[in-house]
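Structure, as structure tokens:
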Number of protein chains: 2
Amino acid sequence: MAFALAGIMNRGNRKSPGDRCPIDRTMQVVGTRSAILLMREALFGTSRFDDFVVRTGLTDAVVAARLRDLVQAGLLSKEPYREPGQRTRHAYALTDSGRDLMPAVLALGQWGAKHARGAVGRTFRHVECGEPVRTVVECTAHHRPAVEQIEVS
Amino acid sequence: MAFALAGIMNRGNRKSPGDRCPIDRTMQVVGTRSAILLMREALFGTSRFDDFVVRTGLTDAVVAARLRDLVQAGLLSKEPYREPGQRTRHAYALTDSGRDLMPAVLALGQWGAKHARGAVGRTFRHVECGEPVRTVVECTAHHRPAVEQIEVS
DNA sequence: CGGCATCCTGTATGATACTG
DNA sequence: CAGTATCATACAGGATGCCG
């Protein structure tokens with residue numbers, strides 16, 4: 001029961017959103033339903049505004065606002081492109097930073113598929129081998145520690 | 001570039017919070033800063049109300065409300081206990097469901113440590129071997145697919 | 001210590017309408 | 001198609017005070 005981490009994440013206990021814990025900072029960037037939903041779609045290849053609207057079910061106003069936030073936060077890039085004979089459009093693409101959010105998004109989906117009532121249980125699979133994909137916590141020595149076996153340094 | 005997943009998560013595109021995508025459902029349960037912060041502390045061993053308040057920096061009112069939500073959602077359990085000669089108190093403990101959220105919480109922290117400005121870069125380590133811990137996405141055949149190599153089934 | 005009740009502000013999101 | 005503008009609602013979260 002030697003929980004090594006208790007309490008160390010928040011020394012300063014400053015008021016309001018001043019927390020410097022990485023988890024907290026992340027929540028301040030992508031801690032809304034709309035942001036996560038849009039990142040989910042971006043991770044799955046959606047790039048056009050209207051597709052984001054249709055596939056997330058969010059309103060266009062929310063999509064516009066959140067997309068702007070995500071671009072400014074560096075998770076997405078907005079690039080103009082022009083197909084021959086067409087007018088200029090914008091494509092939203094994942095940046096490396098945005099791509100790094102994949103484990104978190106998949107982990108959230110994994111929890112929901114298992115524990116959230118009403119969730120449709122879909123499985124993610126590796127295209128090349130067809131095996132289901134999951135997120136695992138492991139150390140560089142390839143151990144899979146339980147919660148109690150993780151400390152902060 | 002054959003993004004296998006685009007758009008399939010949200011067929012019904014029902015209005016508002018009716019989405020059945022597991023990611024969305026999860027966000028509806030733990031999609032607030034306070035919920036994630038409290039789960040972070042719970043994962044790190046915090047069990048008493050006041051410790052949650054101090055270590056998250058949230059107000060007691062918010063902690064009380066969110067703790068109640070998390071207990072009702074099955075992520076935490078609330079159990080009365082009594083130390084000899086003391087009055088009855090309550091201890092909040094992780095359930096199996098709550099413990100399953102660990103990969104997501106760590107993944108969020110991992111992203112923040114790398115990409116969020118102002119985040120204190122702490123490293124999580126496996127207590128027994130001292131090696132840093134991270135979340136990885138892998139299939140059961142132990143491949144580590146990139147975003148474009150994941151499909152849904 | 002471990003909460004709950006009340007008030008207040010800010011923001012996330014929906015609905016609707018309008019524009020190039 | 002890709003947004004912007006405006007209005008209305010709901011909720012997160014802070015501040016304060018009360019209670020057993």
Side-chain angles (χ1 to χ4, degrees), chain A residues 10 13-19 24 27-39 41-42 46-73 76-83 85-93, chain B residues 7 10 13-19 24 27-39 41-42 46-73 76-93:
Chain A
N10 253 355
N13 69 323
R14 331 151 127 247
K15 317 297 179 191
S16 27
D19 199 322
D24 197 357
M27 287 304 287
Q28 290 171 26
V29 177
V30 292
T32 63
R33 198 176 83 98
S34 55
I36 291 290
L37 256 30
L38 289 170
M39 286 307 296
E41 287 305 320
T46 300
S47 65
R48 282 165 47 199
F49 184 87
D50 228 52
D51 289 336
F52 280 111
V53 173
V54 172
R55 292 173 181 167
T56 60
L58 299 166
T59 63
D60 48 6
V62 171
V63 171
R66 209 61 52 231
L67 242 28
R68 196 182 330 114
D69 294 346
L70 290 169
V71 168
Q72 210 219 323
L76 298 178
S77 65
K78 180 181 184 178
E79 289 159 32
Y81 71 97
R82 181 193 295 264
E83 294 174 357
Q86 303 287 315
R87 65 190 175 88
T88 300
R89 301 204 169 148
H90 294 277
Y92 296 89
Chain B
N10 251 354
N13 70 322
R14 331 149 127 248
K15 318 295 178 193
S16 28
D19 200 322
D24 196 358
M27 287 304 286
Q28 290 170 26
V29 178
V30 292
T32 62
R33 198 177 83 100
S34 55
I36 292 290
L37 256 30
L38 289 169
M39 288 307 296
E41 286 306 319
T46 300
S47 65
R48 283 165 49 198
F49 183 87
D50 231 52
D51 288 336
F52 280 111
V53 173
V54 172
R55 292 173 182 167
T56 60
L58 299 166
T59 63
D60 50 4
V62 171
V63 171
R66 208 62 52 232
L67 241 28
R68 194 184 333 113
D69 295 346
L70 289 170
V71 167
Q72 210 217 323
L76 298 177
S77 66
K78 179 182 184 177
E79 289 159 31
Y81 72 96
R82 181 192 295 264
E83 293 174 357
Q86 303 288 316
R87 65 194 175 84
T88 300
R89 299 199 172 154
H90 295 277
Y92 297 88

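Residue numbers start from 1 in every chain, and the chains themselves are labelled A, B, ... in the order their sequence lines are given, proteins ahead of strands.
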- Query: How many angstroms lie between atom CG of B:Leu76 and atom CE of B:Met39, to the nearest 0.5 angstrom?
  - Reply: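 CE of B:Met39 is found 5.0 Å from CG of B:Leu76.
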- Message: Let me confirm one number: the CD1-CE distance from A:Ile36 to A:Met27, rounded to the nearest 0.5 Å.
- Response: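 Those atoms lie 7.5 Å apart.
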- Does the pair B:Leu37 and B:Arg55 meet the rule for a side-chain contact (heavy atoms from CB on, under 4.5 Å), with working shown? CA-CA 9 Å; B:Leu37 256 30; B:Arg55 292 173 182 167; over 6 Å; no
- Message: Report for the helix from C:dC1-D:dG20 to C:dG20-D:dC1: angle between first-end and last-end helix axes, five pairs each, rounded to 10 degrees.
- Response: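 If I round to tens, the end axes sit 40° apart.
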- Would you say A:Leu38 and A:Leu58 make side-chain contact, with heavy atoms under 4.5 Å?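 Yes. Closest side-chain heavy atoms under 4.5 Å.
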- Message: Please determine whether side-chain contact (heavy atoms from CB on, under 4.5 Å) holds for the pair A:Asp51 and A:Glu41, giving the CA-CA distance in whole Å, both sets of side-chain angles, and the decisive distance to 0.1 Å.
- Response: CA-CA 9 Å; A:Asp51 289 336; A:Glu41 287 305 320; over 6 Å; no
- Can you list the residues that meet the side chain to side chain contact (heavy atoms under 4.5 Å, CB included) rule with A:Asp60, with sequence neighbours excluded?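 So A:Asp60 forms a side chain to side chain contact (heavy atoms under 4.5 Å, CB included) with A:Phe49, A:Val53.
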- Task: Sugar-phosphate atoms are those with a prime plus P, OP1 and OP2; base atoms are the rest. Using that split, label each nucleotide of nucleotides 2-8 of chain D B, S or - for protein heavy atoms under 4.0 Å, 5' to 3'.
- Result: SBBB---
- Task: May I ask you to evaluate whether A:Arg33 reaches the phosphate of D:dA10, defined as a side-chain N or O under 4.0 Å from OP1 or OP2?
- Result: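 No, because none of the side-chain N or O atoms of A:Arg33 sits under 4.0 Å from OP1 or OP2 of D:dA10.
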- Task: Considering just the side-chain nitrogens and oxygens of A:Thr32, establish if one lies under 4.0 Å of OP1 or OP2 belonging to C:dA12.
- Result: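 Checking A:Thr32 against C:dA12: no side-chain N or O falls below 4.0 Å of OP1 or OP2.
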- Message: Suppose we screen for side chain to side chain donor-acceptor pair (under 3.5 Å). Which residues come up paired with B:Ser77, at least two apart in sequence or across chains?
- Response: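 Residues passing side chain to side chain donor-acceptor pair (under 3.5 Å) with B:Ser77: B:Glu79.
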- Task: Could I get the full list of side chain to side chain donor-acceptor pair (under 3.5 Å) partners for B:Gln72, not counting sequence neighbours?
- Result: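 Per chain and number, B:Gln72 pairs via side chain to side chain donor-acceptor pair (under 3.5 Å) with no residue.
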If I take atom [atom1] in residue [X] and atom [atom2] in nucleotide [N], what distance separates them, rounded to the nearest angstrom?
X	N	atom1	atom2	answer
A:Leu58	C:dT16	CG	P	16 Å
B:Leu38	D:dG13	CG	C1'	12 Å
B:Asp69	D:dC11	CG	C1'	11 Å
B:Arg66	C:dG3	CZ	P	15 Å
A:Phe52	D:dC1	CZ	C1'	14 Å
B:Leu70	D:dA12	CG	P	11 Å

Using a 3.5 Å cut-off and no angle test, enumerate the donor-acceptor pairs between side-chain atoms of residues 62-71 of chain A and protein atoms at least two apart in sequence or in another chain.
from	atom 1	to	atom 2	distance (Å)
A:Arg66	NE	A:Ser34	OG	2.8
A:Arg66	NH1	A:Asp69	OD2	2.6

